[in-house]
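All remarks here apply to the structure that follows.
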Amino acid sequence: MEALPELYAIFQGEVATVTEYGAFIKIPGCRKQGLVHKTHMSACRVDKPSEIVDVGDKVWVKLIGKEMKDDKLKLSLSMKVVNQGTGKDLDPNNVSLDQDERKKRMFRDYTSQKITLEAVLNTVCKKCGCKGHFAKECFVQPGGTKYSLIPEEEEEEVAAAGHERDKKTSLADDSSKKRKK
């Protein structure tokens with residue numbers, strides 16, 4: 001097996017081919033090539049990689065990824081984190097590479113989930129005394145009509161069941177009072 005450079009190693013390679021999505025770089029000391037995607041060619045936006053590099057150019061690159069796909073080793077390279085004049089590492093702690101990786105991650109879609117703002121719904125306005133809003137958001141004028149939240153169906157059912165239970169206990173209390181006399 002050929003000796004491949006370590007991950008995050010910097011070396012100078014030769015441009016083998018240029019495509020619309022990047023450039024393939026020959027890795028010195030082995031027959032492998034790595035891809036510098038056009039997003040990793042420069043800190044600025046690159047539309048055409050052929051405007052940045054030509055076949056046969058010597059460029060400084062940093063090995064930023066190794067991936068086995070379909071029994072082939074794919075190497076990802078970056079030119080933007082290496083000074084092209086001196087070969088000095090411009091991102092020694094790989095901070096910008098981590099930021100680029102975080103940008104690529106897919107975010108979960110939370111739009112279908114119901115959001116309840118119980119902290120606000122359970123508050124009582126100090127201005128009008130109604131539930132569901134703060135005094136600074138109150139639209140009631142002094143002495144005007146009071147508005148409150150409409151209870152949801154579940155809350156109505158629970159309140160109705162509780163009201164019936166209260167009636168039964170009060171009737172039982174009344175009958176027990178009569179017996180004591």
Side-chain angles (χ1 to χ4, degrees), residues 1-125 131-139 149-150 152-155:
M1 177 120 184
E2 303 167 13
L4 289 172
E6 292 292 319
L7 195 61
Y8 305 120
I10 294 176
F11 54 89
Q12 192 173 28
E14 184 179 333
V15 178
T17 55
V18 180
T19 63
E20 62 189 38
Y21 51 87
F24 286 94
I25 310 295
K26 291 179 189 172
I27 296 174
C30 65
R31 293 179 293 164
K32 285 295 243 183
Q33 294 180 0
L35 173 67
V36 177
H37 194 266
K38 66 182 182 179
T39 57
H40 286 282
M41 284 190 160
S42 173
C44 302
R45 182 185 168 102
V46 175
D47 289 324
K48 295 181 181 177
S50 59
E51 294 176 351
I52 305 292
V53 293
D54 289 322
V55 175
D57 287 354
K58 296 274 188 183
V59 292
W60 288 99
V61 291
K62 183 175 189 176
L63 181 62
I64 60 171
K66 294 181 180 181
E67 179 184 0
M68 284 296 289
K69 196 170 189 179
D70 301 328
D71 294 331
K72 290 184 180 179
L73 180 65
K74 296 194 174 198
L75 303 173
S76 299
L77 305 172
S78 177
M79 289 171 52
K80 75 177 179 180
V81 295
V82 182
N83 183 323
Q84 292 301 309
T86 61
K88 183 180 177 205
D89 193 354
L90 300 175
D91 186 24
N93 296 327
N94 304 317
V95 175
S96 69
L97 294 174
D98 291 341
Q99 288 174 345
D100 289 344
E101 194 64 35
R102 266 189 246 120
K103 287 178 189 175
K104 291 178 189 176
R105 288 190 191 130
M106 299 297 286
F107 292 97
R108 286 185 42 185
D109 183 20
Y110 293 104
T111 55
S112 63
Q113 294 180 355
K114 184 178 177 181
I115 298 174
T116 57
L117 302 174
E118 292 181 24
V120 175
L121 294 176
N122 293 333
T123 60
V124 177
C125 176
K131 282 182 70 178
H133 63 276
F134 296 112
K136 67 180 181 182
E137 299 165 347
C138 188
F139 52 87
L149 295 173
I150 299 172
E152 292 187 20
E153 293 174 14
E154 295 173 3
E155 293 173 3

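For reference, positions follow the sequence shown, starting with 1.
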Checklist entry - Quick check: are there more than 12 heavy atoms from other residues, nucleotides or ligands sitting under 6.0 Å from CD of E6? => result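 Count not over threshold, so no.
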
Measure across [X] and [Y] and return the closest heavy-atom pair with its distance rounded to 0.1 Å.
X	Y	value
M41	G22	CE-C, 4.0 Å
L73	K66	CD1-CB, 4.3 Å
V46	K38	O-CD, 3.5 Å
S96	D91	OG-OD2, 2.8 Å
L4	C30	CD2-SG, 3.8 Å
L90	V82	CD1-C, 3.8 Å

Checklist entry - Does Q84 use its side chain to pair, donor to acceptor, with the backbone of M79 at less than 3.5 Å? => result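 Yes, Q84 side chain to M79 backbone: donor-acceptor pair under 3.5 Å.
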
Item to check | Sidechain-backbone polar pair: N93 side chain, V95 backbone, donor-acceptor under 3.5 Å | outcome: no

Next on the checklist: Would you compute the distance between atom OG of S76 and atom CD of E67 and round it to the nearest 0.5 angstrom?
Outcome noted: 7.0 Å

Checklist entry - Between CD1 of I25 and NZ of K32, what distance do you get to the nearest 0.5 Å? => result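 Output value for this atom pair is 15.0 Å.
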
Tell me which donor-acceptor pairs under 3.5 Å the side chains of residues 9-17 have, and how far apart each pair is, sequence neighbours excluded?
none

Taking C-beta and beyond as the side chain, do [X] and [Y] meet within less than 4.5 Å on heavy atoms?
X	Y	answer
P5	I27	yes
H40	L97	yes
L77	L35	no

Checklist entry - Taking only residues two or more places apart in sequence or in another chain, which ones pass side chain to side chain donor-acceptor pair (under 3.5 Å) with D89? => result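 Per chain and number, D89 pairs via side chain to side chain donor-acceptor pair (under 3.5 Å) with K62.
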
Checklist entry - Considering residues at least two apart in sequence or located in another chain, which fulfil the side chain to side chain donor-acceptor pair (under 3.5 Å) criterion with S42? => result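 Counting only residues at least two positions away or on another chain, S42 forms no side chain to side chain donor-acceptor pair (under 3.5 Å).
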
Checklist entry - Given Y8 and N94, is the side-chain contact (heavy atoms from CB on, under 4.5 Å) satisfied, shown in steps? => result CA-CA 8 Å; Y8 305 120; N94 304 317; 3.6 Å; yes

